[in-house]
Trainee: 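There's a structure below that I have some questions on.
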Amino acid sequence: MTKPVFTPSREWSEDAHVNSLPQYKLIYRKSKDSPESFWTGIAGRMEWIKKWDEVKEEDFVNGKIRWFKNGKLNVSANCLDRHVAEGNGGKTALIWEGNNPEEDQSFTYSELLTEVQKCANVLKGIGIQKGDRVCMYMQMVPQLPISMLACARIGAVHSVVFGAFSADALRDRINDSECKLLITQDTGVRGTKQNIPMKINADKAVAETPSIEHVLVVKRTGETIKMQSDRDSWWHEKMDTADAVCAPEPMDSEDPLFILYTSGSTGKPKGVLHTTGGYLVYAAYTHQIIFDYHEDDIYWCTADIGWITGHSYIVYGPLANCAVSVMFEGVPNYPDFGRFWDVVDKHKVTLFYTAPTALRALMKEGNEPVTSRDLSSLRLLGTVGEPIKEPEWNWYCNIVGKGNCPIVDTWWQTETGGILITPLPGATPLKPGSATFPFFGIEPVLMTEDGHEIEGNDVSGLLAIKHSWPGQMRTIYGDHDRFIETYFSQFPGYYFTGDGARRDDEGYYYITGRVDDVLNVSGHRIGTAEVEGGIGKADGVAEAAVVGFPHDIKGQGIYAFVTPMTGVDGNETLAEKIRQSVIADIGPHVKPDKIQFTPALPKTRSGKIMRRILRKIAEGDVDDLGDISTLADPSVVESLVKERV
Ligand code: WT7
């Protein structure tokens, strides 16, 4: 039986929003027993143009989820105008910390509001209207959150594509949601890379995206790039002449706010759609309670805005709470492995939220980069994206937090909009590796394969969620059937997460990882089918199967089993072609770590690849491969094991 290893101090808990386990349990019970009145109270903290007339509708059979029905509000007004009107215009909203340590810039709430209004007018001038989709393909520059909020202001739907994606991946995402405008930058800087070819990639993509009418280009580096005069314009030129007043558009609570693509178990990424009222309420409330955000905190989430963590916990949640939110363009090891801690010290960060993969990479470098910096401003630490193991949890707690900071291990997904399972820092005794207990209003259940709820403690199963919460995704853009099929068909009446989990003898949840063909590589979610698609496009490849294997920094690495075409040699030349093909098809962040050539893949007689066996081989667990008698040709396995890389 694992016992909690960390309980927040009395002083810490005293000032916390939720300050004891009994208090957590009490509020949790209320939220579960009367969700309508609970969420009415929380939603009332936002500024509504018109109040909703029904709190929620939840029909998991048809995938029909609605929150705060017929309510009207505007997200940018809630994130900006409201705070300025309340006298907080002079408060810092955003601190941008550049890749190169001497570069930073901050925006007060008033300044950010002005920028957003100007940008909204630029969008309108280009012809963007309510409901139109706008794609952003950018690195971590301030113009990214500004343009997101500008879209929200006029009711346009943004689709941010992570800046490491390739031109082809960008093209497919633009085409899927038929974006009218693409916002990008000349080139990008990240770590030692001082010239990431953003505009060049954008041009390549836009050559095959009939819906794009206009490209807006942020000047980040000043690198010479080609502009196509009838299509492209410079952000700064348009902004210079834009009117600084643009009234926020009243939006329905269920109007789309954004689309964000994520990977599933097929090759085609899913356009996860989030709407306005419920998403904002959930992002703001979870940010406040889980990070115990108070007025004078300096909050820093190191994620990239290209992923959901950045949407909810760099932009919307913190700004809705009138927080100071730090955004960072760089990487943890540039100019050296102390960069995170330099930034904490420089901006006196109090709440710090990062990913286990970053912690593993930093921990390997020893304690000196941490202990040589002044981290006394920190009072809370958080992690997200993948399971955190005991060694890095302890290092984070003792070396970074000096044993004084609670760690919130927050479990959630692109689909959930916000955190669902998490400690509350002033209340929850912590166990390393456990995301602990459900947030208010969330009912996790563990299911058997055949759809029965597993009751009691000290059990494992498939993680599903009973009932809706305000931040839940509403559909897959353009494919509502896939939405129902993916999330609601496995266990009718429940939202299925795709994760496995354990509930220990004290009811603590441990998320054990994906149970579908989705990998988590350095906190990046990627479908094996997508990588296989990229590999398949390399000349000379007949067939490929991709599985994950444990990787000490990335969490999971990518192991590819590849069958070359007859007459083609499985050599380093082909391996390099494969890597380049994946980079061109998806991006460098999903390049296979290991490639093993094989004349054949293990298949059943009906031709299905037996991934279970491949996974075991990739993991090096080859002593017991389980039942291989159903294979069409069991001898394949022997040579696969022998040739393991
Ligand atoms: C998957 C979702 C949500 C923000 C970032 C990732 C894994 C996420 C945890 C955690 C263990 C975690 C799950 C989940 N995951 N947080 N605290 N402990 N696993 O979002 O790309 O949609 O990926 O990340 O497997 O299903 P995402």
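Both counts, for ligands and for their atoms, begin at 1 and track the order of listing.
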Trainee: Please, which pairs that meet side-chain hydrogen bond (donor to acceptor under 3.5 Å, both in side chains) have at least one residue in residues 583-592, sequence neighbours excluded?
Mentor: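 Residue pairs with at least one partner in residues 583-592: Lys537-Asp585.
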
Trainee: Mind telling me whether Tyr487 and Tyr495 have parallel, tilted or perpendicular rings, with 30° and 60° as the class edges?
Mentor: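 Correct class here is parallel.
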
Trainee: Under a 3.5 Å threshold, yes or no: a donor from one side chain and an acceptor from the other, between Thr448 and Asp450?
Mentor: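 Per modelled atom types, Thr448 and Asp450 side chains form a pair under 3.5 Å.
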
Trainee: Could you please provide the protein residues found below 4.0 Å of ligand 1 on a heavy-atom basis, arranged by chain and number?
Mentor: Ile308, Thr309, Val384, Gly385, Glu386, Pro387, Asp409, Thr410, Trp411, Trp412, Gln413, Thr414, Asp499, Ile511, Arg514, Asn520, Arg525

Trainee: Is a donor from one side chain sitting under 3.5 angstrom from an acceptor on the other, for Tyr559 and Glu619?
Mentor: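 Short answer, no.
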
Trainee: Using distance only, find each side-chain donor-acceptor pair of residues 434-447 under 3.5 Å and give its atom names and separation, not counting sequence neighbours.
Mentor:
unit_1: Ser434; atom_1: OG; unit_2: Thr436; atom_2: N; d: 2.9
unit_1: Ser434; atom_1: OG; unit_2: Tyr509; atom_2: O; d: 2.6
unit_1: Thr436; atom_1: OG1; unit_2: Thr422; atom_2: O; d: 3.3

Trainee: Applying ring pair (Phe, Tyr, Trp, His ring centres under 6.0 Å), name anything that partners Trp307, two or more places apart in sequence or on another chain.
Mentor: Phe162, His524

